[in-house]
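Accompanying notes for the structure given below.
The sequence lines fix the lettering, A, B, ..., with proteins before strands; numbering per chain opens at 1. Heavy atoms only: backbone and side chains are in, while hydrogens, waters and symmetry mates are out.
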Amino acid sequence: MRELSVQEITEAVSKMCISANCQASEDLVRATEQTNADEQSPAAKDALLTIRENQRVAAAEQIAMCQDTGLAVIFLEIGQEVHLTGGDLEEAIHAGVRKGYADGYLRKSVVADPLRRKNTGDNTPAIIHTRMVPGDKVVITVAPKGGGSENMSTVKMFPPSAGREGIIRFVVDWVKQAGANPCPPTVVGVGIGGTFEKVAYLAKRALLRPIGQPHTDAYYAEMEQEILAKINALGIGAQGFGGTITSFAVHIEVHPCHIASLPLAVNLNCHVSRHETVRI
Amino acid sequence: MSEIKRITTPLTDAIVEGLHAGDSVLITGVIYTGRDLAHARLIEALDRGETLPADLRGQIIYYVGPAPAKPGYAIGPAGPTTSYRMDAYTPRLLDYGLKGMIGKGNRTPEVIESMKKNKAVYFAAIGGAAAVIAKCIKKADMVAYEDLGPEALQRLEVVDMPATVVNDCHGNDLYVEGMARYARTAAHVCSCPTRPVSAGYHLSPRQGDGCR
């Protein structure tokens, strides 16, 4: 049994809250530059140039790319051979978020109660998804999630008869309806299957994949490309100014489901697509 | 793209009438921050017949909740937030005399009608470009609702802040026009994997280019 102090987890979370918000990942930089090269609309191209310049400035000055530094969504994979010591694991994560958002001059965007809406002042609590896995490592992913794109997300419980075509039509229509709101070019996370709560989790997890990395199952890889082509044919473009590229990528995650069900979730991510992972 | 227009706040009817959907502008002068909860409080104040904490007549509200400023900075990263959340409050503020809004994303038909009626304009700033937009903000002063944290009402002094006219007072809408210009029919869409998947997307520019 390997011992690991939760203080190490606090430190890692704190650092990743800052770096994920200030430093565009390589795949995001590549997607931004490629999109700018391929885009045919001058107005959208201008917007993409500004977006790329913003990535440079944020990284150089270590300031946040977007003022909405998000709700801190944390994915934990805990090896079952690890013994966590030194305190409460979830409190250690909240402490990391608290420290990172203070030290990094990141915005505090959490209200303590959904209806009474008083800001907690330290961006806690985080949203934490924990999974036990074999091994003696802990894998932590910090994925700050902005409100603008999160609001343009949905869950739909289809009957199985809707099938592949029904899913494709719904996702494309959904992105069309979202228009300029989620800050395109977006990454489109699609969850299919599981249950009502599982499918939303799948769509969120889909956003963690490096941008444009296809599904390992060719059937879904092809479906990702088909949805993406149809989304990009909508004409929305970067920032909704009109253009040939509305989304960087579509990522699908699937799970077995009930014989009566075909759950679908769409979780949009803005062009400030943020996530960082560390293995301790 | 049209030529870049320089405008200075406060806005007059003449300035607003000269702006058209798709125009690129550089805004200089005083603007005010305000988003969800600040709007709710402004409307409550109007309902009670109170004087607003800032005279917003002729002014622009920037839908933004800035991040904290690092030492040496006038303001933290400050890009636009999504505008539709303010739609419920906007016609009331436009009737009161507000002339402009900076945000991102679509507005309701009610807001667009009210903009026509009141000669007002809606600009988009580049969402998510908060670090570079903040460079145009030279000064930020707290005006009211400090308890709301990032949602407080602040007075900003901006110099050459870039924005794009989305809805003008003549009823034009850049989002509708831009999308119509670049939308392709289903027949033009190709999903065959003729490009490396790593490119992340694939479009057939025309019919009959080898894609089916």
Side-chain angles (χ1 to χ4, degrees), chain A residues 31 34-35 38 40-43 46-47 50-51 53-54 57-58 61 63-69 105-109 117 119 121 147-148 151 179-183 211-214 221-222 225-226 228-230 232-237 239-245 247-249 270-272, chain B residues 1 22 24 36-37 64-70 73 76-79 81-85 104-106 124 126-135 148-151 162 164 166 174-175 177-186 188-193 197-205:
Chain A
Q34 187 64 48
T35 302
D38 294 354
Q40 291 161 33
S41 149
D46 267 5
T50 303
I51 287 167
E53 174 62 12
N54 189 68
V57 168
E61 301 185 20
I63 54 178
M65 290 180 274
C66 182
Q67 78 290 339
D68 185 353
T69 49
Y105 297 90
L106 307 177
R107 197 180 74 183
K108 287 60 174 185
S109 311
R117 306 200 74 80
N119 199 303
N151 281 351
N181 291 341
C183 272
I211 295 173
Q213 180 181 301
E222 193 187 309
Q225 289 302 301
E226 182 175 344
L228 182 59
K230 286 182 170 155
N232 285 339
L234 292 172
I236 296 168
Q239 296 297 304
F241 293 162
T244 52
I245 299 163
S247 294
F248 289 136
C270 58
H271 65 78
V272 191
Chain B
M1 292 284 285
S24 295
D36 308 65
L37 285 176
V64 59
K70 264 189 165 179
Y73 286 74
T81 193
T82 322
S83 307
Y84 75 88
R85 299 193 313 270
K104 63 165 173 103
N106 310 65
I126 306 289
V132 294
I133 292 172
K135 303 281 178 209
L148 298 182
E151 298 199 56
T164 304
V166 172
L174 171 64
Y175 291 143
E177 291 164 15
M179 191 168 164
R181 197 170 304 138
Y182 289 94
R184 294 149 198 255
T185 59
H188 294 160
V189 180
C190 170
S191 60
C192 68
V197 174
S198 60
Y201 50 84
H202 170 55
L203 265 183
S204 148

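Between the CD1 atom of B:I133 and the SG atom of A:C66 there is a distance of 9.0 Å, given to the nearest 0.5 Å.
Contact annotation for B:A69: only backbone heavy atoms (N, CA, C, O) come within less than 4.5 Å of a heavy atom of chain A. With a 4.5 Å cut-off on non-hydrogen atoms, A:T69 does not touch chain B at all.
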### Query
When you look at A:N232 and B:R184, which way does the side-chain contact (heavy atoms from CB on, under 4.5 Å) test go after all the steps?
CA-CA 9 Å; A:N232 285 339; B:R184 294 149 198 255; over 6 Å; no

### Message
Working note: B:T81 + A:D68, criterion side-chain contact (heavy atoms from CB on, under 4.5 Å); need CA distance, chi angles, decisive distance, verdict.
### Response
CA-CA 8 Å; B:T81 193; A:D68 185 353; over 6 Å; no

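Contact tally against chain B (heavy-atom pairs below 4.5 Å) for A:I63, A:I236, A:V272: the top residue is A:I63. Listed options B:R181, B:E151, B:E177, B:K70 were ranked by heavy-atom pairs under 4.5 angstrom with chain A; first place goes to B:K70.
The two residues A:Y105 and B:A67 make their nearest non-hydrogen contact at O-CB, 3.9 Å. Considering all non-hydrogen atoms of both residues, A:A180 and B:G105 come closest at CB-CA, 3.9 Å. Nearest heavy-atom pair across A:P42 and B:Y182 is CD-OH, 3.4 Å. Nearest heavy-atom pair across A:Q67 and B:G79 is OE1-N, 2.7 Å. When every heavy atom of B:A129 is checked against every heavy atom of A:N54, the shortest pair comes out as C-OD1, 3.1 Å. Taking both residues in full, the closest heavy atoms of A:A64 and B:P77 are given as O-CG, 3.3 Å, listed atom of the first, atom of the second, then distance.
When the side chain to side chain contact (heavy atoms under 4.5 Å, CB included) test is applied to B:T82, the partners found at least two apart in sequence or on another chain are A:N181, B:Y84, B:R85, B:K104.
A:R107 contributes no side-chain N or O that, together with a main-chain N or O of B:P150, makes up a donor-acceptor pair within less than 3.5 Å. When atom types are taken as modelled, the side chain of A:Q239 and the backbone of B:G127 share a donor-acceptor pair closer than 3.5 angstrom.
The pair A:E61-B:K135 meets the salt-bridge criterion, with a side-chain N (NZ, NE, NH1 or NH2) lying under 4.0 Å from an Asp/Glu carboxylate O.
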